[in-house]
Participant: 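This is the structure, below, for whatever I ask next.
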Amino acid sequence: MSETIVRDLIDPGEAAINRYRASGYVEDVLPIRPKDRSWKTPQFITVWMGPIHNILSYFTVMTFFALGLNAWQVVGAIMTAAVIVSIGYVLNGQAAAKYGVPFAMQLREAFGHKGALVPTWIRGIIAGFVFFGITTVSSAQAFNVVFETIFPGFMNIGDGADIMGLPIPTAISYVVTWVLTVGLFLGGQVFLGKFSTWANPAVYILIVIAVIIAASNAGGFGEVMSIRPVDSLVTPLVFITCVSMLVSNWAGPIVNTGDYTRNATAMKHPAIGFPVGVIGSYILFALVTVSFVASLQVATGGDFDINRPGVFVEAIDSIGNPFVIVLLIIAMNIGAVVFGVFGNMLPAGLQLAAQLPKLFTVKSGAILAALIGTVILPWQFVENTDMLFLFYSFIGSMFGPILGIMLASYFVERGRTQDLNGIYADYRGGEKGSLPAYNWPAMTVLILSFVVTMAGRIPGLSSIEFFAQVNNLAFFSGLIIGFVGYTITIFVNRHRV
């Protein structure tokens with residue numbers, strides 16, 4: 001293969017692309033050549049600016065207060081997570097930026113041609129199903145406030161009755177949110193891209209206005225930064241646990257960030273754009289969190305249940321201006337919808353269509369994800385902080401080791417190179433490629449990491465402090481076990497050779 005370097009990017013050449021295409025690979029999974037790329041620093045700055053301000057992310061940070069963190073510690077945890085997320089985007093996006101290879105194909109070097117299906121399905125389907133449901137129910141709870149404001153008495157519909165544990169008013173809001181999300185997905189990525197581009201500025205304007213009002217309600221930013229709803233000891237492990245939870249919220253996009261960085265016109269663009277966009281957005285996110293809780297504390301005299309993640313909706317309502325409240329919730333839910341479509345429905349639909357093409361198209365697969373995301377009764381995960389912890393430990397225990405193995409594969413095993421011929425070998429056509437069908441060392445490390453990180457949830461082992469803490473730090477635990485474990489196998493195999 002005749003590769004050339006173009007602006008520090010690898011161009012496999014037209015002949016190689018045509019050969020891969022002739023082997024049956026569709027356009028969506030072929031390497032993007034440098035001349036066909038269009039993303040520069042501004043695109044990487046703005047790609048996640050809107051979705052960061054989604055309701056589920058704010059629900060997550062409510063658990064930080066429940067664990068005893070004060071305002072300054074919450075801000076510190078949020079900004080620490082922002083830095084880590086940025087580093088994850090930059091490091092795991094390098095291979096795709098350099099070679100233009102998408103996430104699902106990139107995994108073949110680390111896990112093997114067939115083995116790559118396991119992490120691909122974990123990212124695209126399992127996470128897509130669960131995240132869709134939880135994101136949608138979080139948004140639905142926020143929409144309750146909108147409907148109650150527009151239609152007084154809305155929350156009394158059903159006289160306290162519920163459907164499978166979901167109050168009837170929230171069930172109505174859930175259906176509305178579900179239809180809106182699926183409808184925007186069916187409208188197509190071009191439409192959604194234009195929609196989010198128009199909506200993002202509105203989101204930020206409304207959020208800034210709301211922060212000013214909330215801080216004023218609390219008596220100023222001095223009072224805002226002095227809040228501490230729960231007075232309990234905060235150890236370094238508790239702080240790191242909070243950081244791990246918020247990082248886990250973005251673990252999926254970190255793992256498949258190559259699907260975005262492969263569009264980079266130069267390596268420097270994502271390296272600059274991601275940190276600026278993520279860290280800058282999280283500064284405002286942190287101000288929203290602490291100012292809204294401070295406003296709620298003043299409005300209620302401290303009488304609110306911080307152990308319920310959905311209390312953030314009450315914090316929004318404490319702003320007091322119905323017009324701003326309605327617009328703010330709609331704006332935040334725009335971020336949630338975009339995240340639900342690009343981060344959950346689309347990956348699930350792509351994987352179902354790719355692996356079961358006779359049964360699913362991308363659209364039908366995505367709709368199935370939306371249906372299953374409802375059948376799992378996602379509202380149970382946002383009932384209290386314990387359930388949200390369970391969700392993030394489960395997600396972190398899967399994504400952490402996948403990320404660790406990918407980083408070890410690219411930086412340690414292959415010295416920042418990719419074997420494109422091996423990745424795109426026609427195994428179904430009988431071609432003997434340079435990559436194995438299953439990379440068993442990587443598969444073994446992935447399985448062992450999941451078992452170890454989730455052991456803290458098993459009765460009997462949960463009482464053992466070591467396993468409990470490993471589970472609390474599931475994403476970081478999995479990342480370390482994945483990276484170190486696979487690196488050890490690399491050096492062992494080299495020594496044998």
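Heads up: numbering here begins at 1 and tracks the sequence. Please read these numbers as outputs of a predicted model, since none were measured by experiment.
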Participant: Quick one: CZ on Phe185 to CG on Leu180, what's the gap to the nearest 0.5 Å?
Facilitator: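 Answer for the CZ-CG pair, Phe185 versus Leu180, is 14.0 Å.
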Participant: Ring centres under 6.0 Å, that's the criterion: do Trp250 and Tyr282 meet it?
Facilitator: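 So the answer is no for these two rings.
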Participant: For the residue pair Phe131 and Phe391, is the inter-centroid distance of their aromatic rings smaller than 6.0 Å?
Facilitator: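 When the ring centroids of Phe131 and Phe391 are compared, they turn out to be within the sub-6.0 Å range.
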Participant: Using 0.5 Å steps for rounding, measure from the CD atom of Gln141 to the OG1 atom of Thr177.
Facilitator: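 Interatomic distance, Gln141 CD to Thr177 OG1, rounded to 0.5 Å: 10.0 Å.
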Participant: So Phe143 and Ile330, side chain to side chain contact (heavy atoms under 4.5 Å, CB included) or not? Walk me through it.
Facilitator: CA-CA 8 Å; Phe143 267 130; Ile330 292 174; 4.3 Å; yes
Participant: According to ring pair (Phe, Tyr, Trp, His ring centres under 6.0 Å), who are the partners of Phe129, at least two apart in sequence or on a separate chain?
Facilitator: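 For Phe129 there are no ring pair (Phe, Tyr, Trp, His ring centres under 6.0 Å) partners, ignoring immediate neighbours.
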Participant: OG1/Thr60 to CD1/Ile78 distance, rounded to the nearest 0.5 angstrom?
Facilitator: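 Here the rounded value is 10.5 Å.
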Participant: Looking only at side chains, do Tyr174 and Thr374 share a donor and an acceptor under 3.5 Å apart?
Facilitator: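 The criterion, which ignores hydrogens and geometry beyond distance, is satisfied for Thr374 and Tyr174.
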Participant: How close do Val382 and Val137 get, counting heavy atoms only, and between which atoms?
Facilitator: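 Looks like CG2-CG1, 4.0 Å.
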Participant: Determine whether Tyr58 and His53 make a side-chain contact, defined as any pair of heavy atoms from C-beta on separated by less than 4.5 Å.
Facilitator: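 Heavy-atom side-chain distance check passes, below 4.5 Å.
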Participant: Give a yes or no answer on whether the side chain of Thr170 reaches the backbone of Leu166 with a donor-acceptor pair at less than 3.5 Å.
Facilitator: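 Not at all, since once roles are kept as given, no pair shorter than 3.5 Å links the two residues.
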Participant: What is the minimum heavy-atom distance between Val290 and Ile227, and which atoms define it?
Facilitator: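 Here Val290 and Ile227 meet closest at O-CD1, 3.4 Å.
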Participant: Check whether any side-chain N or O of Thr235 sits under 3.5 Å from a backbone N or O of Val238 as a donor-acceptor pair, and report yes or no.
Facilitator: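 Confirmed, Thr235 side chain pairs with Val238 backbone.
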Participant: Output, in order, the C-alpha distance, side-chain angles, deciding distance and verdict of side chain to side chain contact (heavy atoms under 4.5 Å, CB included) for Val313 and Asn144.
Facilitator: CA-CA 9 Å; Val313 176; Asn144 284 343; 5.9 Å; no
Participant: Return yes if a side-chain donor-acceptor contact under 3.5 Å exists between Thr261 and Tyr89, otherwise no.
Facilitator: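 Tyr89 and Thr261 do not have a side-chain donor-acceptor pair below 3.5 Å.
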Participant: Taking the side chain as everything from C-beta on, heavy atoms only, tell me whether Gln43 gets closer than 4.5 Å to Asn263.
Facilitator: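 Gln43 vs Asn263: side chains apart.
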Participant: What are the two closest non-hydrogen atoms of Gly460 and Ile464, and how far apart are they?
Facilitator: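 Residues Gly460 and Ile464, closest heavy atoms: O-CG1, 4.1 Å.
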Participant: Could you walk me through whether Phe476 and Ile240 pass the side chain to side chain contact (heavy atoms under 4.5 Å, CB included) test, one step at a time?
Facilitator: CA-CA 9 Å; Phe476 292 139; Ile240 297 171; 3.9 Å; yes
Participant: So, Asn92 versus Thr257: side-chain donor-acceptor pair below 3.5 Å or not?
Facilitator: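 No donor-acceptor contact under 3.5 Å links the two side chains.
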Participant: Atom CD1 in Ile254, atom CZ in Phe274: separation rounded to 0.5 Å?
Facilitator: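 One finds 10.0 Å between CD1 of Ile254 and CZ of Phe274.
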Participant: Donor-acceptor pair, distance only, cut-off 3.5 Å: does the side chain of Gln73 make one with the backbone of Asn70?
Facilitator: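 Such a contact is found between Gln73 side chain and Asn70 backbone.
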Participant: Using only atom types and a distance under 3.5 Å, with no angle test, would you say the side chain of Glu383 pairs donor to acceptor with the backbone of Arg308?
Facilitator: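 It does not hold such a pair.
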Participant: Quick check: does any side chain N or O of Trp178 sit under 3.5 Å from a backbone N or O of Ala370, one acting as donor and the other as acceptor?
Facilitator: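 Yes, Trp178 side chain to Ala370 backbone: donor-acceptor pair under 3.5 Å.
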Participant: Within the distance-only criterion (no hydrogens, no angle test), does the side chain of Ser477 pair as donor or acceptor with the backbone N or O of Val470 below 3.5 angstrom?
Facilitator: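 Answer holds: yes.
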Participant: Looking at side-chain heavy atoms only, is the closest gap between Ile209 and Leu328 below 4.5 Å?
Facilitator: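 SC-SC contact between Ile209 and Leu328 ruled out.
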Participant: Measure the spacing between CD of Gln469 and CG of Asn472 and express it to the nearest 0.5 Å.
Facilitator: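 Between atom CD of Gln469 and atom CG of Asn472 there are 5.0 Å.
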Participant: Donor-acceptor pair, distance only, cut-off 3.5 Å: does the side chain of Thr453 make one with the backbone of Phe450?
Facilitator: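 Judged by distance alone, yes, a pair lies under 3.5 Å.
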Participant: Quick check: do Ser57 and Phe285 have side-chain heavy atoms less than 4.5 Å from each other?
Facilitator: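 The answer is yes; the side chains approach within 4.5 Å.
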Participant: Ignoring hydrogens and angles, tell me if any N or O in the side chain of Glu148 forms a donor-acceptor pair with the backbone of Met155 under 3.5 Å.
Facilitator: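 Yes, the answer is positive, given that a donor and an acceptor are paired below the 3.5 Å cut-off.
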Participant: Which heavy atom in Phe389 sits nearest to a heavy atom in Leu67, and how many Å separate them?
Facilitator: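 Residues Phe389 and Leu67, closest heavy atoms: CZ-CD1, 3.5 Å.
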Participant: Pair Phe399, Ile122 - check side chain to side chain contact (heavy atoms under 4.5 Å, CB included), show working.
Facilitator: CA-CA 8 Å; Phe399 286 151; Ile122 288 173; 4.0 Å; yes
Participant: Look only at the side chain of Thr241 and the backbone of Leu237, and say whether a donor-acceptor pair between them is shorter than 3.5 Å.
Facilitator: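 Such a contact is found between Thr241 side chain and Leu237 backbone.
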Participant: Please answer whether the main-chain N or O of Val445 pairs with a side-chain N or O of Ser449 as donor and acceptor at a distance below 3.5 Å.
Facilitator: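 Checked: no pair found.
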Participant: Side-chain contact, heavy-atom cut-off 4.5 Å: Phe103 with Arg262?
Facilitator: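 They are not in contact (no side-chain heavy atoms under 4.5 Å apart), so the answer is no.
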Participant: Between Asn217 and Ser318, is there a side-chain heavy-atom distance shorter than 4.5 Å?
Facilitator: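 They are not in contact (no side-chain heavy atoms under 4.5 Å apart), so the answer is no.
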Participant: Quick one, Thr289 and Phe64 - any side-chain contact, counting heavy atoms below 4.5 Å?
Facilitator: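 No, too far: nothing below the 4.5 Å cut-off.
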Participant: Are Met62 and Phe292 close enough that some pair of their side-chain heavy atoms sits under 4.5 Å apart?
Facilitator: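 No. Closest side-chain heavy atoms not under 4.5 Å.
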Participant: Enter the distance from Ile213:CD1 to Asn321:CG here, rounded to the nearest 0.5 Å.
Facilitator: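 Reported to 0.5 Å precision, the distance equals 5.0 Å.
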Participant: Nearest heavy-atom pair of Pro270 and Ala264: which atoms, and what distance?
Facilitator: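 Minimum heavy-atom separation between Pro270 and Ala264: CD-CB, 3.8 Å.
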Participant: Can you give me the closest heavy-atom contact between Ile55 and Ser138, atom names plus distance?
Facilitator: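 Closest approach of Ile55 to Ser138: CG2-O, 3.4 Å.
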